[in-house]
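Worksheet: one structure, shown below.
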Amino acid sequence: MRDEAILETRGITKRFRGLVAVDRFDIAVRERTIHSLIGPNGAGKTTVFNVITGIYRPEEGKVLFAGQVLNGLKPHEILALGIARTFQNPRLFRNMTCLENVMAGQHAHGRAGFWASLLRLPHQRREERAIRERAEEWLRKLNLWYFRHELARNIPYGCQKLLELARALAAQPKVLLLDEPTCGLNEAEKEAMMGFIEGLPKEGLTVLLVEHNMNVVMGLSDWITVMNYGKKIAEGTPEEVYNNPVVIEAYLGRGEERAP
C-alpha cells in the first residue's frame with residue numbers, strides 16, 4: 001500500500017566517543033514516494049543512512065524494513081533484502097569497466113556457488129547472462145552505454161555519479177537511498193538527474209534522498225524530514241517545510257531569510 005511506511009527508524013541513537021551524532025531519531029518513509037532528509041552540515045543525515053544500511057549499529061532504537069528489524073544485519077544482507085544506496089562521492093571499482101561495475105552491484109542476488117562458477121555449469125552461465133543483460137539495460141537507461149567498456153576512473157565525474165546509481169538500481173532494490181546525487185553536477189546534469197529520480201516511484205521504487213540543493217529537494221519531494229544536531233526538528237510537505245520558521249533558522253542560520 002502506498003500509504004504504508006516501508007522503511008522506518010524508531011528512536012535510533014548513534015554516538016561517537018561521547019558525541020551524539022543521531023539522537024532518538026524517527027523517520028517513516030512511505031512506499032513509492034520521494035522522501036527527503038535535509039538539514040545543515042553535520043546534522044547527522046549521512047549517519048542515519050549509515051545506520052539504515054548496516055555500516056553503523058545504533059546504540060538505541062530500531063531500523064525496520066517492511067516490518068523486519070534490520071539491527072545487527074551486515075550491509076550485504078540489507079542490500080539483499082532490498083535497500084541499495086549511493087554515496088556523496090561515488091564509490092566505484094575504479095579499475096573495472098563501467099559494465100563490470102554495474103554487474104558487481106548484483107552480487108547480493110547471485111545464487112551460483114563456488115563449484116558451479118568454477119565448472120561453468122549451465123545454471124551459472126544463465127545467471128551470469130541475466131546479470132550482464134540487467135547491467136546493460138541500466139547502462140542504456142542512464143545514457144552510459146558509450147562508456148560500457150571504459151574504466152570507471154576514466155569517465156567524467158557526472159557519469160561516475162550516474163554509474164553508481166546504475167549499479168545501485170541493478171541490485172533490484174525496493175528502497176533507494178541517494179546521498180547528494182546532484183552534488184558536483186553542472187546544471188544540465190542536475191536537470192537530467194532530477195528527471196530520472198522523479199520517475200523512480202512510477203517504476204515501483206521508494207526513494208530516501210539527502211540533498212543540500214533546495215531547488216532539487218522542493219522539486220522532487222513528496223515529504224520532507226528536517227534534522228539538526230542529530231534530532232528531528234520538523235517534517236511535512238515541501239510547502240510546509242519551506243515556510244517553517246524553525247527550519248529556516250536551522251538551515252540558513254538566520255530567521256529572516258528564505259531557502260532559494
*asked:* I'd like to know if the side chain of Arg57 reaches the main chain of Gly72, judged simply by a donor and an acceptor atom lying under 3.5 Å from each other, with no hydrogens or angles considered.
replied: yes

*Under 3.5 Å, side chain of Lys62 to main-chain N/O of Val69, donor-acceptor pair present?*
no

*How about Phe25 and Thr13: do any of their side-chain heavy atoms sit closer than 4.5 Å?*
no

*Do other residues, nucleotides or ligands put more than 12 heavy atoms under 6.0 Å from Glu77 CD?*
yes

*Option from Thr206, Thr225, Asp222 for which side-chain hydrogen bond (donor to acceptor under 3.5 Å, both in side chains) with His35 holds*: Thr225

*Are Val175 and Val29 close enough that some pair of their side-chain heavy atoms sits under 4.5 Å apart?*
no

_How close do Cys183 and Tyr157 get, counting heavy atoms only, and between which atoms?_
O-CE2, 3.5 Å

*Any chance you could lay out the salt bridge (Lys or Arg N to Asp or Glu O under 4.0 Å) test for Asp26 and Lys232, step after step, and finish with the verdict?*
CA-CA 7 Å; Asp26 297 332; Lys232 179 166 69 175; 5.3 Å; no

*Is it true that Ile55 and Val22 fall in one hydrophobic cluster, defined by side-chain heavy atoms closer than 4.5 Å?*
yes

_Closest approach of Pro181 to Val210 (non-hydrogen atoms, all atoms of both residues)_ = CD-O, 3.6 Å

*asked:* Is there a side-chain contact between Leu165 and Phe196 in this structure, where contact means two heavy atoms from C-beta onward sitting under 4.5 Å apart?
replied: yes

*Can you name the residues that form a side-chain hydrogen bond (donor to acceptor under 3.5 Å, both in side chains) with Ser36, not counting sequence neighbours?*
Ser221

*Is the cationic atom of Lys14 (NZ for Lys, CZ for Arg) positioned less than 6.0 Å from the six-membered ring centroid of Phe16 and within 45 degrees of its normal?*
yes

*Under a 4.5 Å cut-off applied to non-hydrogen side-chain atoms, are Leu205 and Leu169 in contact?*
yes

*Quick one: do Leu162 and Met193 satisfy side chain to side chain contact (heavy atoms under 4.5 Å, CB included)? Show the steps, please.*
CA-CA 8 Å; Leu162 290 171; Met193 182 69 82; 3.8 Å; yes

_Would you say Met96 ends up clustered with Met103 if hydrophobic residues are merged whenever their side chains have heavy atoms under 4.5 Å apart, either directly or through other cluster members?_
no

*Would you confirm whether Asn101, through its side chain, and Phe93, through its main-chain N or O, come within 3.5 Å as a donor-acceptor pair?*
yes

*Is a side-chain N or O of Glu60 found less than 3.5 angstrom from the main chain of Gly11, in a donor-acceptor match?*
no

*Are any non-hydrogen side-chain atoms of Thr53 and Pro75 less than 4.5 angstrom apart?*
no

_Ignoring hydrogens, what is the shortest heavy-atom contact between Ala170 and Val102? Give both atom names and the distance._
CB-CG1, 3.6 Å

*Indicate the atoms forming the closest heavy-atom contact of Gln160 with Arg94, along with that distance.*
OE1-NH1, 4.2 Å

*Looking only at non-hydrogen atoms, find the nearest pair between Phe65 and Gly82 and report the distance.*
CZ-O, 4.0 Å

*With no hydrogens and no angle check, is any side-chain donor or acceptor of Lys161 less than 3.5 Å from a backbone partner on Gln88?*
yes

*Should the heavy atoms of other residues, nucleotides or ligands under 6.0 Å from NZ of Lys190 be counted, would the total exceed 12?*
yes

_Tell me the closest heavy-atom pair linking Phe147 and Cys159, and the distance in Å._
CE1-SG, 3.7 Å

*State plainly whether the residues Arg132 and Glu128 are in salt-bridge range, i.e. N to O under 4.0 Å.*
no

*Can you list the steps and then say if Glu100 with Leu151 is a side chain to side chain contact (heavy atoms under 4.5 Å, CB included)?*
CA-CA 9 Å; Glu100 290 167 342; Leu151 296 181; 5.7 Å; no

*Nearest 0.5 Å please: distance from the CG atom of Leu92 over to the CD1 atom of Ile155.*
7.0 Å

*Side chains of Val207 and Leu220: does their closest heavy-atom pair fall under 4.5 Å?*
no

*asked:* Counting only heavy atoms from other residues, nucleotides and ligands, does the tally under 6.0 Å from CZ of Arg24 exceed 12?
replied: no

*Glu137 backbone acceptor or donor facing Arg140 side chain under 3.5 Å*: no

*Hey, does Phe49 have a side-chain heavy atom less than 4.5 Å from the side chain of Leu208?*
yes

*If we only count heavy atoms from C-beta on, is the Leu81 to Leu70 side-chain gap below 4.5 Å?*
yes

*asked:* Measuring from atom CG of Asn89 to atom CZ of Arg91, what distance do you get when rounded to the nearest 0.5 angstrom?
replied: 8.5 Å

*Give the intermediate values and the outcome of side chain to side chain contact (heavy atoms under 4.5 Å, CB included) for residues Leu73 and Gln68.*
CA-CA 11 Å; Leu73 295 184; Gln68 178 177 346; 4.2 Å; yes

*Could I get the full list of side-chain contact (heavy atoms from CB on, under 4.5 Å) partners for Ala28, not counting sequence neighbours?*
Ala5, Glu8

*Rounded to the nearest 0.5 Å, how far apart are CD of Glu150 and CG of Leu163?*
11.5 Å

*asked:* Strictly distance-based, threshold 3.5 Å: is any side-chain N or O of Glu164 a donor or acceptor partner for the main-chain N or O of Phe87?
replied: yes

*Please answer whether the main-chain N or O of Val63 pairs with a side-chain N or O of Asn71 as donor and acceptor at a distance below 3.5 Å.*
yes

*Taking it one step at a time, do Leu139 and Leu99 satisfy side chain to side chain contact (heavy atoms under 4.5 Å, CB included)?*
CA-CA 8 Å; Leu139 287 171; Leu99 178 60; 3.8 Å; yes

*Are Ile224 and Ile233 connected in a single hydrophobic cluster, I mean Ile/Leu/Val/Met/Phe/Trp/Tyr linked by side-chain heavy atoms less than 4.5 Å apart?*
yes

*Without swapping roles, check the side chain of Thr9 against the backbone of Ile27 for a donor-acceptor pair under 3.5 Å.*
yes

*Once you round to the nearest 0.5 Å, how far does CD1 of Ile52 lie from CG of Leu37?*
8.0 Å

*Going from OG1 on Thr182 to NE2 on His212, what distance comes out if it is rounded to the nearest 0.5 angstrom?*
10.5 Å

*How long is the span from the CG atom in Leu64 to the CG atom in Leu7, to the nearest 0.5 Å?*
8.5 Å

*Shared ILVMFWY cluster between Val226 and Tyr229, side chains joined below 4.5 angstrom?*
no

*With distance as the sole test, does Glu235 use its side chain to make a donor-acceptor pair with the main-chain N or O of Trp223 at under 3.5 Å?*
no

*Is Tyr56 reachable from Ile78 through a run of hydrophobic residues whose side-chain heavy atoms are each under 4.5 Å from the next?*
yes

